[in-house]
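A quick write-up on the structure given underneath.
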Amino acid sequence: MSEIKKEIKIPPIKEGIAIDHIPKNHALKVAQILSLGKEEGMVTVGMNLVSPKMKSKDVLKIEGRDLSDSELNKISIIAPDATVSFIKDYKVEEKIKVQLPKKVENIVKCNNPRCITRHQDVSTRFHVVNKKPLKLRCHYCEKNLLGDEIELI
Amino acid sequence: MLRKKKKENSSKFRFKSKDIVSINDLSREEIIHVLEAAARLEKQNRLSINRTLFKGRVLATLFFEVSTRTRLSFESAFERLGGKVIGFADPGVSSTKKGESLKDTVNTVEQYADIIAMRHPLDGAARLAADSTRIPVINGGDGANQHPTQTLLDLYTIKKSQDHITNLKIALVGDLKYGRTVHSLATALSLFKCRLYLVSPPQLKMPEDYLKLLDERGIDYSEHEKVEEIIEVADVLYVTRIQRERFADPIEYEKVKGVYVIKKDMLKHAKPSLAIMHPLPRVNEISTDVDNTKHAIYFQQAANGIPVRQAIMALVLGLIK
Ligand SMILES: [Zn+2]
C-alpha cells in the first residue's frame with residue numbers, strides 16, 4: 001500500500017498544480033474556492049484516497065493553472081495541511097505547504113449578525129487565535145469562530 | 001485602504017495617538033498607568049490645578065445610539081479642563097441617517113476635531129472608526145461588544161475603595177450572560193488575580209468563553225445562585241440589572257427578579273469594608289435603603305467617570321505621560 005501506487009490512479013499532468021493532503025471530503029470546497037471548471041484544462045478530483053499520514057485524504061490536480069497568494073490563503077483555511085506542487089513538463093518544480101496567514105483578510109465571513117462587517121462595506125478581518133483546531137477572532141466585533149462557524153466568503 | 005497610525009515611542013507607555021477600543025488592547029501595566037493618571041487628575045481637579053489641560057482641543061462625541069449618561073460624562077470631562085465639544089447625540093440628526101458610511105463620517109469629523117468619543121449600536125463599529133482615522137478614537141460602547149472606559153472607571157472605583165485590586169474577592173451579580181460590563185470587568189480583573197464569585201440565575205450564567213479565559217489565566221472562581229452564599233466574604237459586590245427581555249418565559253423572570261435584589265438587612269454580616277457597585281441606571285436591583293450605608297459607592301462610581309475619561313483622553317492626546 002504505497003502512496004505511489006495510489007498516485008498512479010490520478011493521471012499525471014504536463015503543466016499545472018497538484019494539491020495534496022486536503023482533508024477528506026474537502027476537495028470540492030477547494031475546487032469551489034478556485035472557481036474551477038471555467039477556463040482550465042483537465043481537473044482531476046481524488047476523494048477518500050488512503051494516505052499513511054492522514055488515513056483518508058482528498059487530492060486535486062488542475063492542468064494549466066497557477067495559484068495566487070490569496071487563493072493559497074483561502075486553501076489554508078479549509079485545508080491547513082495541504083501541500084501544493086507546481087508542475088512543469090510532468091515534473092514537480094516546486095512544492096510548498098500552505099500556511100495560515102497571520103491576518104485573515106476578506107476570506108472568512110463573520111457569523112455575528114450584529115457585526116459591523118455585516119452592515120457596512122468593509123472587508124472582514126480575523127486574527128488567528130489558535131491553529132489546531134483553527135480558531136479565528138473577528139478584528140472588529142471580537143467574536144471567536146471555531147470549526148463549522150468558519151465560513152468562507 | 002485603511003490608514004495606519006503613527007505611534008510614538010517617547011516613554012515606557014505608548015499612549016499618544018492610541019485608540020481605546022477594547023479593554024483587551026490594554027496590558028495590566030497600561031491599565032495601572034491609566035488609573036494612576038486618573039488619580040493625579042482627580043487630585044488636581046479637587047485643588048483646581050491645571051484647569052486648562054484641554055485648552056484649544058476639540059472633542060467630537062459621535063453617538064449613533066442614544067446614551068445620555070455616557071455622552072454627558074465624556075463632555076463634562078473634556079469641558080471642565082477647558083476643551084471644546086462638538087458632535088451629535090442622536091443618529092437621527094446626523095448624515096448617517098442618509099446612509100453615509102461610518103468611515104466617511106469619521107473622515108469628515110477628523111477635519112474638525114482632535115479626538116473622537118463614540119457610541120454605536122453595532123459590534124466592532126469603534127474598531128472600524130479607529131482604523132479609518134488618524135485621530136484617536138475612544139469607544140463609548142459598541143453594541144454588545146466593548147465599553148472600555150466603563151471598565152476602567154470600575155477598576156478605578158475598586159482601587160479607590162479598597163486601596164488595591166490584586167487578590168480581592170469580587171462578586172459579579174445579575175445578568176452574567178448578556179452583560180457586556182461584567183464580561184469586560186471579569187476579563188480585566190483576571191489580570192489582577194482576583195477571586196471571582198459569579199452569582200446569577202442559571203439561565204444567565206457567565207458564557208463558557210469567559211470561564212475558559214479565567215481558567216487559562218489561573219483565576220479562582222465559583223458560580224452561585226444566591227447572593228447570601230457569598231455576601232460575608234466579598235470585598236466588592238458588583239450588581240447588574242436583569243432585564244425582562246432576556247427571558248422567553250415571563251414567569252421565569254418573575255421567579256428570579258426578586259432573588260437578586262440587594263437589601264440593607266442582607267448586609268448585617270458583610271465585611272465592614274464591603275463596597276457595592278452598579279454601572280447605573282439601576283431599576284430595583286439595589287434597594288434604596290442601601291444608599292445611605294457606607295457600602296454604597298455607586299454614585300461615586302459614576303463620578304469617577306470624570307477623572308478616568310480625562311486621563312484616557314489626556315494620555316492619547318499626548319498631553320500627559
Ligand atoms: Zn465580527
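- Within the 4.5 Å cutoff, no side-chain heavy atoms of A:Tyr140 are placed close to those of B:Asp142.
- The environment of A:Lys135 atom NZ is dense: over 12 non-hydrogen atoms of other residues, nucleotides or ligands sit within 6.0 angstrom.
- The 12-atom threshold is exceeded at NZ of A:Lys97, counting heavy atoms of other residues, nucleotides or ligands nearer than 6.0 Å.
- Counted within 6.0 Å of CG on B:Asp249, heavy atoms from surrounding residues, nucleotides or ligands total more than 12; the atom is thus considered enclosed.
- Counting heavy atoms of neighbouring residues, nucleotides and ligands inside a 6.0 Å radius, atom CD of B:Glu252 exceeds 12 of them.
- The distance from the CZ atom of A:Arg137 to the CG atom of B:Asn24 is 6.0 Å, given to the nearest 0.5 Å.
- Contact annotation: the side chain of A:Gln120 never approaches that of B:Lys103 to less than 4.5 Å [non-hydrogen atoms, C-beta and beyond].
- Separating the CG atom in B:Asp131 from the NE2 atom in A:His139 is a distance of 3.5 Å, to the nearest 0.5 Å.
- Counted within 6.0 Å of CD on B:Glu216, heavy atoms from surrounding residues, nucleotides or ligands total more than 12; the atom is thus considered enclosed.
- Of residues 143-153 of chain A, those residues with a non-hydrogen atom less than 4.5 Å from any non-hydrogen atom of chain B are, in numerical order, A:Lys143, A:Asn144.
- Contacts between residues 112-124 of chain B and chain A, counted as heavy-atom pairs separated by less than 4.5 Å, involve B:His120, B:Pro121, B:Leu122, B:Asp123, B:Gly124.
- Around the CD atom of A:Gln32, the shell of radius 6.0 Å holds no more than 12 heavy atoms that belong to other residues, nucleotides or ligands.
- Note: A:Cys138 SG to B:Arg127 CZ = 10.0 Å, rounded to the nearest 0.5 Å.
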